[in-house]
Amino acid sequence: LQKTRLPPAFACFVLTLGDGERLYGHCLTLHEALGESTRMELITKPAGADSDGGTTSNAAERRFAAVGELSGGVTYYAPRCLCVLSRAHFPLAFKACLLALSRMADASLSVPLPLAVETALSHLVLNVPLPLPGGPAVRFRLAHDEPALHLSCSSPAELPAIDYSVGVLLSRLPPSSLLQLFQAIVLEQQVVIVSDDNELRVAACELLLAILHPLDWLQVYVPTLPDL
């Protein structure tokens, strides 16, 4: 829980399936205010608990209490995550879609919407086609008052069309380091990308895969590791 409302944060992750195909997750984390009547589960650690979570006395005590009873009039914000899974990676388009769905959900709390949030989500999942490689761009919008979004896919003979600019790498790595990194990837060596910015880290990983074209990375690909 937070006492201040954090700005929306977007991040991506990749799941590698058993056949090597990748499933991309696009997540938007928002922070919404908790109502005073929202009930929370409180866990009191017993006095005899040891450092590894085990206990030498009775089990942990659990009880429920309303936020208003605990906050003393202070507003607390809890994270809420919206996630879209797709076999195609269009981070900017999915980020715009998630922000639009969030705006629609917030607006529906005060006034009826001409288009339900569930309808807009169903339209995105069921009706928006995947662009064909080298084919025309797919243009769609989630609602009449939302801006139109475009999706396109380059042909196999062209450089991959991705949402990230190679300037992301050049602005943070000198050309010599970038060449060394490219050499390591071509030789299928292990590469670890470290960054506190989830979106930047995934962008760097996707750009490194793109500059391999027409070669493909067939080794383990995990751009985002969960916190331990």
Side-chain angles (χ1 to χ4, degrees), residues 5-32 77-108 115-133 135 137-143 145-154 159-169 172 193-213 216-217 220-227:
R5 189 169 192 172
L6 301 178
F10 181 75
C12 300
F13 63 89
V14 182
L15 301 175
T16 303
L17 306 181
D19 58 358
E21 190 174 5
R22 294 169 188 154
L23 189 64
Y24 293 89
H26 309 80
C27 303
L28 181 69
T29 302
L30 307 166
H31 287 78
E32 57 184 9
Y77 298 89
R80 177 183 63 179
C81 185
L82 307 178
C83 182
V84 174
L85 297 178
S86 172
R87 296 182 184 274
H89 188 43
F90 298 103
L92 296 185
F94 281 120
K95 180 179 181 179
C97 290
L98 291 173
L99 286 171
L101 291 172
S102 175
R103 289 193 298 268
M104 295 173 64
D106 292 339
S108 66
L115 183 68
V117 178
E118 294 80 4
T119 303
L121 181 58
S122 298
H123 171 63
L124 173 64
V125 175
L126 301 177
N127 298 332
V128 178
L130 184 68
L132 298 176
V138 174
R139 182 177 183 272
F140 70 98
R141 66 176 72 223
L142 293 183
D145 56 347
E146 292 291 338
L149 301 174
H150 301 264
L151 302 176
S152 61
C153 185
S154 58
L159 289 174
I162 59 177
D163 289 346
Y164 306 111
S165 170
V166 72
V168 172
L169 291 178
R172 290 165 174 81
I193 307 296
V194 180
S195 174
D196 292 332
D197 188 328
N198 291 331
E199 193 169 1
L200 174 62
R201 183 175 59 252
V202 174
C205 293
E206 288 295 309
L207 284 168
L208 291 174
L209 295 186
I211 62 178
L212 274 179
H213 183 82
D216 291 325
W217 178 260
V220 176
Y221 179 62
V222 186
T224 302
L225 291 175
D227 295 332

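Heads up: numbering here begins at 1 and tracks the sequence.
We find the CG-CG distance between Leu142 and Leu101 to be 5.5 Å, quoted to the nearest 0.5 Å. Residue Leu124 holds its CG atom at 12.5 Å from OG1 of Thr119, rounded to the nearest 0.5 Å. Interatomic distance, CG of Leu85 versus CG of Leu15, reported as 7.0 Å (0.5 Å rounding). Summarising the geometry, atom OG1 belonging to Thr29 is positioned 10.0 Å from atom CZ belonging to Phe10; distances are rounded to the nearest 0.5 Å. Atom CG of Asp163 and atom CG of Leu92 lie 4.0 Å apart (nearest 0.5 Å). Between the OG atom of Ser86 and the CZ atom of Arg22 there is a distance of 14.0 Å, given to the nearest 0.5 Å.
Heavy-atom minimum distance, Leu82 versus Leu30: CD1-CD1, 4.2 Å. Scanning all heavy atoms of the two residues, the minimum distance from Cys27 to Cys81 falls at CB-SG, 3.8 Å. Of all the heavy atoms in Pro223 and Val14, the pair that sits closest is CG-CG2, 3.5 Å. The minimum heavy-atom distance linking Leu28 with Pro8 is given by the pair CD1-CB, 4.0 Å. Between Tyr164 and Leu207, the shortest heavy-atom distance links the atoms O-CD2, 3.7 Å. Summarising the geometry of Leu151 relative to Ala93, their closest heavy-atom pair is CD2-CB, 3.4 Å, with the distance given to 0.1 Å.
For His123, the side-chain hydrogen bond (donor to acceptor under 3.5 Å, both in side chains) criterion is met by Asn127, not counting sequence neighbours. In terms of the ring-ring contact (aromatic ring centres under 6.0 Å, His included) criterion, residue partners of Phe94 (sequence neighbours excluded) are, by chain and number, His26. Partners of Arg80 by side-chain hydrogen bond (donor to acceptor under 3.5 Å, both in side chains), not counting sequence neighbours, listed by chain and number: Glu32. The salt bridge (Lys or Arg N to Asp or Glu O under 4.0 Å) check on Glu118 picks up nothing, with sequence neighbours excluded. Evaluation of the side-chain hydrogen bond (donor to acceptor under 3.5 Å, both in side chains) rule for Tyr77 yields no partner, not counting sequence neighbours. Contacts of Ala107 classified as side chain to side chain contact (heavy atoms under 4.5 Å, CB included), with partners at least two apart in sequence or in another chain: Leu113. Residues that satisfy the salt bridge (Lys or Arg N to Asp or Glu O under 4.0 Å) test with Glu146, not counting sequence neighbours, are Arg103. Scored by the side chain to side chain contact (heavy atoms under 4.5 Å, CB included) test, Ala78 finds Leu1, Leu34 as partners (sequence neighbours excluded). Residues passing the side chain to side chain contact (heavy atoms under 4.5 Å, CB included) test with Leu149 are Ala96, Cys97, Phe140, sequence neighbours excluded. Every ring-ring contact (aromatic ring centres under 6.0 Å, His included) that Tyr24 has, sequence neighbours left out, goes to His89. Ile193 pairs by the side chain to side chain contact (heavy atoms under 4.5 Å, CB included) definition with Val191, Arg201, Ala204, Cys205, Leu208, not counting sequence neighbours.
Contact annotation: the side chain of Val220 never approaches that of Thr16 to less than 4.5 Å [non-hydrogen atoms, C-beta and beyond]. Between His150 and Phe90 there is no side-chain heavy-atom pair separated by less than 4.5 Å.
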Output, in order, the C-alpha distance, side-chain angles, deciding distance and verdict of side-chain contact (heavy atoms from CB on, under 4.5 Å) for Leu121 and Met104. CA-CA 11 Å; Leu121 181 58; Met104 295 173 64; over 6 Å; no
Evaluate side-chain contact (heavy atoms from CB on, under 4.5 Å) for Leu130 paired with Arg87, printing each intermediate quantity in order. CA-CA 10 Å; Leu130 184 68; Arg87 296 182 184 274; over 6 Å; no
